Each structure stands twice: as structure tokens, then as C-alpha cells.
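Small disclaimer: the values here were computed from a predicted structure and weren't measured.
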Protein chains: 2
Amino acid sequence: MTGPHTVAETERAVKSRLGALHIDFDSMAAVSNIFRAANSIRNHFERTALAPQNLTWTAFVVLWVVWIWEPIETRDLALEAGISKATLTGVLNTLEGRGWVLRERAEQDRRLMNVTMTTSGRRLMRKLFPALNTQERVVAANLSSAEKKSLASLLRTVMSSVP
Amino acid sequence: MTGPHTVAETERAVKSRLGALHIDFDSMAAVSNIFRAANSIRNHFERTALAPQNLTWTAFVVLWVVWIWEPIETRDLALEAGISKATLTGVLNTLEGRGWVLRERAEQDRRLMNVTMTTSGRRLMRKLFPALNTQERVVAANLSSAEKKSLASLLRTVMSSVP
DNA sequence: AAACGTTCATTCGGATCCGAACGATGGAAC
DNA sequence: GTTCCATCGTTCGGATCCGAATGAACGTTT
């Protein structure tokens, strides 16, 4: 998806496979570019800001959500991080094993699990978050302030259209 | 990341953790929305158009690239699909096991591997690609034609800024 | 032709990733 | 208080996902 072929080349190739019938190339380009950009940025973040701590993007996002909203229940944490509860269990095992977060069973409702940050975790995030934001500035460097707002807004519109 | 908190709430929470120093919230919102949207759309596609064939998004992308550009060498296929060669090996095992693609060692250079489509694979794509495009139209339904082009263009700018 | 560094795809280890199934807990109905 | 159903986090199985190491094949240099 990040290959050397242009949009026009791809469009021509698709038409030779299907004819031109019923394919919306504008929607296709918009959506596929979302995936391309996400992949590309994610790889960049993991190679730069996250590599020193051997963190994946997902692990960082979970850490970030805990940092912002602690104490937070597991179900909300999964929703906020955009991953399934099953995935979160594995990620929390990793993060708890490294001593950055803590799991505690809730007093009132023994089914729930509260996740909090350790001192070590807070120290890590205070360094890591500005480093990530620096990289966010890098990948958005060729956008004006208005374009950044426009991009964020267009993506919110897309998200609101996902059933 | 797809949680109930608004941008303003998140911004306020971040500031309470760090102070306002040196954080570019416009870049943060733009980039984080790329990830949110990609996650959301990917899950939607896997639950709708791809579920009947038990295909993941990545497997579909690989299949799509082969369909468009066959015969294609493994190294180019990985680049085009936006995944590592190591990942591609696993995905190709899956796709070849289901009889949709074929791996053949190149005649001239015995290190290379050429990937081609089977008849069964072509039949699958002729059905699957329009189904995917239907879903792409759904998630882009609230964007005008100009907005779709603008979104694609802004994302291309972002990608060109990734080192 | 022997030695060299390079370029392939694959393998390996470890971390995600998800849907489905599972056990535990809670709460409401009777 | 027991039955029933909803909800929680975890486990399980299977598919990705990547960096690093591996081994085969190549081209070039001696």
C-alpha cells in the first residue's frame, strides 16, 4: 500500500480487472490513504520515540490513557484505547510486568478491575509524551494549522459514519 | 482512543499532567484521529465485507495487490501491502493454503519468489472488491466529492512528511 | 574457482490482535 | 434463598506483526 504505483496507475489496473462499473475511486483513495498513513506513522513512531523503551504503539496508547484518566476500569480502558478486552489483558500483562501500571480489583464490584499508574510509569510518560508529540509535529510539518484542523475534522466525519 | 471523551476534555487533562509547555494539540488531534479512523474502519470492514470469507484486512490487502499486479515478487508485494517480509510469509501461507494464490520460484534468480493468482482467487476478488468498495462508500458517505479528494490529498502530504 | 559482501525469503521469539467460550460476580424476580 | 440473566476480566485458538538471525543464491573480485 505504500508502494511505488501512482493513483492513476492503480485506477487503470482496477478498471482492466473489473470494468469501470460501480467503483467509487474517490472513496477508495480516501479510505486507503487512511490506512497507508496510519501504517506509515505507526512504524515511524515505533522506530523513533518508542524504540528506546521497546514499546509498541498499542502499549503506548494504553499507557497514555491510564496516565490521563487513572484510575480507570478495564472495560473503559479498552474502549478508550480502541482495542478489544482480550487484547488489553495481554497488553496490561506486559505493562504491569515492567512496573508501569497496577491492577487492583474494585472493592464495591468484585468483577471490575481498576488500573492505575506507578511512579515509574508516570516518570516514563512525562518523558515519552513530549517525545511523541515532537514526532507528531514532524509528520504534520507540511500542514498548516488550518489544514491540521481540517484533516482532524474530516476524519471525525468519517468515524461518525462508521456503523 | 474511540472513547467518550471530547477533544477539549483530553486537552485539559493533558495540560494538568504536563502544563501547556511545548505540546502541539493540532498535530496531536490530526495524527491520533488517523489512528482512530483506521482502527474503526478496519474493524468495520472485517465485520462486514470480509467476515463471510473469514479474511483479515491485511490478508485482503495482500490478495488485492496480487490481483492487481500479478505476477509480483515477494519483496515488492510486502512493500506495496505495507507489511514486513516476515509478516508476508505468514499471510502467504494462509492465502496459499486456501488456494487463492500460488508461490513459484523465479527461473532466472532462484532467490526470488513470484506470487500469482489462482482461478479461485480471481473469482473471490471479483466478488470481494465491489463489496469492499460498497463499505468504503458507506464510511465516506458524509463527505462530499471535494472533501474526499481533500482528505486523500492531506493524507498524502502527511505520508510525504514521514522520514 | 574461491572468497567476498549483498540480497533474497524464511524461521524464530516475543508481543499483539480478535472472536468465542469460560468462570466469577452481581442484581433482579419470585 | 434460589433461579435466572447480564456483565465483568480472563483464557483459548488462530492469525498477524515485526526485528533479528539464518541459509541459500547471486555478482563481483581476485
Side-chain angles (χ1 to χ4, degrees), chain A residues 1-2 35 38-40 42-48 50-63 71-79 81-98 100-115, chain B residues 1-2 35 38-48 50-63 72-79 81-98 100-115:
Chain A
M1 296 277 281
T2 321
F35 289 119
N39 257 341
S40 172
R42 182 191 165 114
N43 287 341
H44 174 64
F45 284 0
E46 291 182 348
R47 278 195 309 264
T48 57
L50 299 179
Q53 302 295 337
N54 196 27
L55 269 172
T56 63
W57 172 250
T58 298
F60 168 77
V61 170
V62 170
L63 212 49
I72 186 172
E73 295 170 5
T74 301
R75 51 182 177 174
D76 296 330
L77 180 49
L79 186 67
I83 60 179
S84 70
K85 291 185 303 171
T87 301
L88 180 60
T89 296
V91 174
L92 282 182
N93 287 340
T94 301
L95 295 179
E96 196 174 22
R98 299 191 192 176
W100 290 326
V101 302
L102 225 57
R103 264 188 283 212
E104 289 165 327
R105 199 162 283 285
E107 289 297 329
Q108 332 80 298
D109 188 336
R110 304 287 299 166
R111 294 172 300 177
L112 273 53
M113 205 66 121
N114 282 320
V115 183
Chain B
M1 296 277 282
T2 319
F35 289 119
N39 258 341
S40 171
I41 297 172
R42 182 191 166 115
N43 288 340
H44 173 64
F45 284 0
E46 292 182 346
R47 278 195 309 262
T48 56
L50 299 179
Q53 302 295 337
N54 196 26
L55 269 171
T56 62
W57 171 249
T58 298
F60 169 77
V61 170
V62 170
L63 211 50
I72 186 171
E73 296 171 5
T74 301
R75 50 182 175 173
D76 297 330
L77 180 49
L79 187 66
I83 59 179
S84 70
K85 291 186 301 172
T87 301
L88 180 59
T89 296
V91 174
L92 282 181
N93 287 340
T94 300
L95 295 179
E96 197 174 21
R98 299 192 193 175
W100 290 324
V101 302
L102 225 58
R103 264 188 283 210
E104 289 165 327
R105 200 162 283 284
E107 290 295 331
Q108 333 79 293
D109 189 336
R110 305 287 297 167
R111 293 171 303 178
L112 272 54
M113 206 65 122
N114 282 320
V115 183

Whole-Å distance separating the CG atom of A/Leu63 from the P atom of C/dT16: 11 Å
Whole-Å distance, A/Lys85 NZ to C/dG23 P, equals 15 Å
Picking from C/dC18, D/dT7, D/dT16, the nucleotide nearest the side-chain atoms of A/Arg75 would be D/dT7
I need the single residue from A/Leu88, A/Thr74, A/Thr89 that forms a side chain to side chain contact (heavy atoms under 4.5 Å, CB included) with A/Met113. Which is it? A/Thr74
Taken to the nearest whole Å, CG/B/Asn114 to P/C/dA9 is 9 Å
What contact category does A/Thr89 fall into here, base, sugar-phosphate, or nothing, at under 4.0 angstrom with non-hydrogen atoms? base
Please check the phosphate of D/dA25 (OP1 and OP2 only) for any side-chain N or O of B/Arg105 closer than 4.0 Å. no
Any non-hydrogen side-chain atom of B/Ile41 less than 4.5 Å from a side-chain atom of B/Trp57? no
Nearest to the side chain of A/Ala86 - D/dT11, D/dT16, C/dT16? D/dT11
Between C/dA9, C/dT6, D/dT10, which nucleotide gets closest to the side-chain atoms of B/Arg111? C/dT6
Consider the side chain of B/Asp109, meaning its heavy atoms from C-beta on, and name the nucleotide among C/dA20, C/dA9, D/dA25 that approaches it most closely. D/dA25
Is B/Thr58 near enough to D/dT16 that one of its side-chain N or O atoms lies under 4.0 angstrom from OP1 or OP2? no
Heavy-atom check, side chain of B/Ile83 versus side chain of B/Val61, under 4.5 Å: no
Separation of D/dC18 C1' from A/His44 NE2 (nearest whole Å): 17 Å
Report yes if at least one side-chain N or O of B/Thr87 is closer than 4.0 Å to OP1 or OP2 of D/dC18; otherwise report no. yes
Less than 3.5 Å between a donor and an acceptor, one on the side chain of A/Arg110 and one on the base of C/dT25, is that the case here? no
Sugar-phosphate only, base, or nothing, as touched by B/Arg42 at under 4.0 Å among non-hydrogen atoms: sugar-phosphate
Whole-Å distance, A/Arg98 CZ to C/dA15 C1', equals 9 Å
5' priority, DNA chain C, between B/Arg103 and A/Ile83 [closest heavy atom]: B/Arg103
Would you please confirm or rule out a distance under 4.0 Å between OP1 or OP2 of C/dA15 and any side-chain N or O of A/Thr56? no
Measure CD/A/Gln53 against C1'/D/dG19 and give the value in whole Å, please. 18 Å
Please lay out, stage by stage, how A/Leu63 and A/Leu55 fare under the test side chain to side chain contact (heavy atoms under 4.5 Å, CB included). CA-CA 10 Å; A/Leu63 212 49; A/Leu55 269 172; 4.3 Å; yes
If you find the nucleotide of DNA chain C closest to A/Gly90 and the one closest to B/Met113, which residue's nucleotide is nearer the 5' end? B/Met113
Atom CG of B/Asn39 to atom P of C/dC17: distance rounded to whole Å? 8 Å
B/Glu96 atom CD is separated from C/dT10 atom P, nearest whole Å, by 9 Å
Heavy atoms only, 4.0 Å cut-off, all strands: where does A/Ser84 land among base, sugar-phosphate and nothing? base
Correct closest heavy-atom pair for B/Glu73 and B/Asn114 would be CG-OD1, 3.4 Å
Quick check: do B/Phe45 and B/Phe60 have side-chain heavy atoms less than 4.5 Å from each other? no
